[in-house]
Amino acid sequence: MKFLELAKTFDELEAISGRTEITKKLAHLLKTASWQEAAIICYISLGELRPPYEGTQFNLAEKSLIKVVSDLLGYTQEEIKKELAKISDLGQLIGNYNWHPKEDLSIIDVYKELETLENISGGKSQEEKAAVVKKLLKDLDPISAKYVLRIILGKIRIGFSDMTIIDALSWMQEGDKSLRHKLEDAYNRCADIGYIAKILKKDGIEAIEKMGCIVGIPIRPAAAERLPTAEAIVEKLGDCIAQPKLDGFRLQIHVDKTKSKPMVKFFSRNLKDMSDMFPDLVDAVLQLNVETLICEGEAVAYDPNTGQFEPFQITVKRKRKHDIEEMAVDLPLKVFIFDLLYLNGREYLADTHEERRTKLLSIFKSVKDDKIQAIDEVKIKTGQQLLDYFNSMIGQGLEGVVVKRPDAIYTPGKRNFNWIKLKRQEKGHLEDTLDCVVLGYYYGKGKRASFGIGAFLVGIYNDRQDAFETVAKIGTGLKDQEWKELKKKCDSISIGKRPHNVECSKELYPDVWVNPEIVCQIRADEITRSPLHTADKTEKHLGLALRFPRIMGYRSDKSAFDATTAKELTRLFEDQKKK
DNA sequence: TCTGTCTGCCCC
DNA sequence: ATTCTGC
DNA sequence: GCAGAATGGGCAGACAGA
């Protein structure tokens, strides 16, 4: 199959909004393809070359590709950037130009070329990569070039993703969605969509039905919903159980002790292989009384002197490729196991939480090493009980609690109310927001590009410096219409350059500066020390920033100088440290 | 060797 | 991570 | 409610260039 045929189909798909219509068209494409081609189509539709746990990394993205595109089209980088501000992305941009393609490349040709691109590394590699991309784009026609660029950027953004591919595979085979559940079950157990497509095309649905969990291949993780209060959660679940929510990273742990050399693998929430990053956990995992095992837990770093859990900013330093052994000494990890998915050749996905919990505890009986332990769990009957438990967890410096339905099975790949998280806000109450001042805005991508705004910069007033200092960028919380309105408002008070009384790192300079006068309510989960933001920044310490910031509304009754002050923000930060 | 910039289906 | 939107 | 697509702070890694 020619790459152009694929690109043309993508172009058609991009224009369709109806899910069923997209699915049918995709099904037709997959039917036409060979099984090798179908697998490749699955991967590149997701902006990947392989399943997530094998990884795809070009180390080349927008900034570098702007150079390639400007070079190719014979414009300056400034001219390209100017046009980029108006339209959605580089792919779209290049697709609007015209040239005569030199080659008529197949899907497999392009795939091989992308693999080549991935494998270039070392000194001068950026130059080499640029040359390879330029040649590839030149050889291709504009429509194909558009999608090749989007693949390298990691997102093709044509309104479908993995679950639509699963649907399309059903349509491809049966002409309806009757195989959806079987295919989804297989995909949830083996997160390699290209492999699913290949097996279905080669061996049929019978082979798909036989697929189960494989130790060493990640299962798509279940996720928790969020509710604002303890009461709402108990109302929703009735009698339930609660576990501490630790602020580290989620690990899916795979163990196979039946091999001559025991295997231990760790996968991230996004199914990345992190197996080499935690050599200090391997021995602890091998103490578990199992032959084969897949379980899930949360890993958190702690201070070896005090035993205190470290904040996420510290824990995340353990996600690294170099100096692993040294960091394991300075920042030891503990991992708290909260679920069991597979044990000694048997799946536990369809067992209830209670049954999985019992089985999980049984494998911890003889484990001495507290580097790995089963997470605590308490029974909850009332909202008050849950609130008390939540408060005691917050008191211990944890992120909150996760509440679970005791009779629920494990639903891989799904976010639902079987699990509900209750998290600490910056002070613990819903009404808790900061009043911040809009300092400027940024152009957006995709749909936001058509609004002319994708995010905005906010700050607070520091009376000691008589200046506005930045505390967050906001990219979520407004409706489409509200984004348009904010842009209009900003344009009416825009100014050509940074006002003298705004302190801002260069990396955060907005595309359009505005006079500091719009006051908005910002909610966040936490205040952190920031290497970039300037709020409360002094020679002695870093500034402050907001974790997970979002806008809740405006404070038109307030002037910019009446907004939250640096002093107040510092106070909130200090209070938060005290619990 | 040091520093700044860009990148990451990154982690959250 | 949070949030919004079309289906 | 699902699936998808917008967007956040901040870390280490990979290079380029001084």
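Each chain gets a letter, A, B and so on, in the order its sequence line appears, and its residues count up from 1.
Considering only residues two or more places apart in sequence or on other chains, A/Thr20 meets the side chain to side chain donor-acceptor pair (under 3.5 Å) condition with none of them. Shown here are the side-chain contact (heavy atoms from CB on, under 4.5 Å) partners of A/Ser268, two or more places apart in sequence or in another chain: A/Asn270, A/Lys272, A/Met274. Under the side chain to side chain donor-acceptor pair (under 3.5 Å) criterion, A/Glu298 pairs with no residue, sequence neighbours left out. Residues satisfying the salt bridge (Lys or Arg N to Asp or Glu O under 4.0 Å) test with A/Asp273, not counting sequence neighbours, are A/Lys265. Residues that satisfy the side chain to side chain donor-acceptor pair (under 3.5 Å) test with A/Thr164, not counting sequence neighbours, are A/Arg19. Taking the side-chain contact (heavy atoms from CB on, under 4.5 Å) definition, one finds that A/His541 meets it with A/Arg529, A/Asp536, A/Thr538, sequence neighbours left out. Listed by chain and number, the residues in a salt bridge (Lys or Arg N to Asp or Glu O under 4.0 Å) with A/Lys146 are A/Asp11, A/Glu14 (sequence neighbours excluded). Judged as a side chain to side chain donor-acceptor pair (under 3.5 Å), and not counting sequence neighbours, the contacts of A/Glu399 are A/Lys245, A/Lys423.
Whole-Å rounding puts the A/Phe456 CZ to D/dA6 P distance at 18 Å. Atom CG of A/Leu26 and atom P of D/dG4 are 10 Å apart (whole Å). Rounding to whole angstrom units, NZ of residue A/Lys317 and C1' of D/dG9 are separated by 14 Å. The interatomic distance linking A/Glu225 (CD) with C/dA1 (P) rounds to 12 Å, in whole Å. One can place NZ of A/Lys414 at 7 Å from P of D/dC2, the figure rounded to the nearest angstrom. In this entry the distance linking CD1 of A/Ile16 with P of D/dG4 reads 15 Å, nearest Å. The interatomic distance linking A/Lys537 (NZ) with D/dG9 (P) rounds to 15 Å, in whole Å. Counting to the nearest Å, the P atom of D/dG8 and the CG atom of A/Leu457 are 11 Å from each other.
Taking the P atom of each, B/dC10 and C/dT2 are spaced 16 Å apart, rounded to whole Å. B/dC9 sits 16 Å from D/dA3 when the C1' atoms are compared, rounded to a whole Å.
Look at D/dC11: its glycosidic torsion is beyond 90° from 0, and that puts it in the anti range.
Classified by interplanar angle (parallel below 30°, tilted 30° to 60°, perpendicular above 60°), the ring pair A/Phe278/A/Phe249 is tilted.
Listed pair A/Lys473 / D/dG8 meets the phosphate criterion, a side-chain N or O lying under 4.0 Å from OP1 or OP2. For A/Thr315 and B/dC12, the shortest distance from a side-chain N or O to OP1 or OP2 is not below 4.0 Å. For the OP1/OP2 pair of D/dG10 and a distance below 4.0 Å, the side-chain nitrogens and oxygens of A/Ser530 include at least one atom meeting the criterion. Note on A/Gln126: every side-chain N or O is 4.0 Å or more away from OP1 and OP2 of D/dA16. The shortest distance between the side-chain N/O atoms of A/Arg157 and the OP1/OP2 oxygens of D/dA3 is not below 4.0 Å. A close approach under 4.0 Å does not occur between any side-chain nitrogen or oxygen of A/His533 and OP1 or OP2 of D/dG8.
The side-chain hydrogen bond (donor to acceptor under 3.5 Å, both in side chains) contacts involving residues 309-319 of chain A comprise A/Asp280-A/Arg318, where partners must be two or more places apart or lie in separate chains.
Backbone-only contact: A/Lys245 has heavy atoms under 4.0 Å from sugar-phosphate atoms and none from a base. Within the 4.0 angstrom heavy-atom criterion, only backbone atoms of the sugar-phosphate kind lie near A/Ile158; the bases stay farther away. Counting non-hydrogen atoms under 4.0 angstrom, A/Arg318 reaches nothing in the nucleic acid. Residue contacts shown for A/Arg180 are limited to sugar-phosphate atoms, with no base heavy atom under 4.0 Å away.
For A/His322, the side-chain atoms get nearest to D/dA14 when compared with the rest of D/dA14, D/dG1, D/dC15. The listed nucleotides are B/dC12, D/dG9, D/dG13; the one nearest the side chain of A/Arg320 is D/dG13.
At a threshold of 4.0 Å, the pair A/Lys25-A/Glu12 counts as salt-bridged, since one of the basic side-chain nitrogens sits closer than that to a carboxylate oxygen. Ion pair A/Glu184/A/Lys414 flagged as a salt bridge, since at least one NZ, NE, NH1 or NH2 atom sits closer than 4.0 Å to an Asp/Glu carboxylate oxygen. Electrostatic pairing of A/Lys445 and A/Glu62 counts as a salt bridge here, judged by a charged N lying under 4.0 Å from a carboxylate O.
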Strand DNA chain B in bracket notation, Watson-Crick/G-U under 3.5 Å with | for pairs to another chain: ||||||||.|||
Quick tally for nucleotides 4-11 of chain B: nucleotides whose base has a protein heavy atom under 4.0 Å get B, sugar-phosphate-only ones S, the rest -, giving --SSSBSB
Summarise protein proximity over nucleotides 2-7 of chain C in one line of letters, 5' to 3': B for base, S for sugar-phosphate only, - for none, counting protein heavy atoms closer than 4.0 Å. BBSS-S
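Across the strands present, D/dC2 finds its partner in C/dG6; the criterion is a Watson-Crick or G-U wobble pair with both atom distances under 3.5 angstrom.
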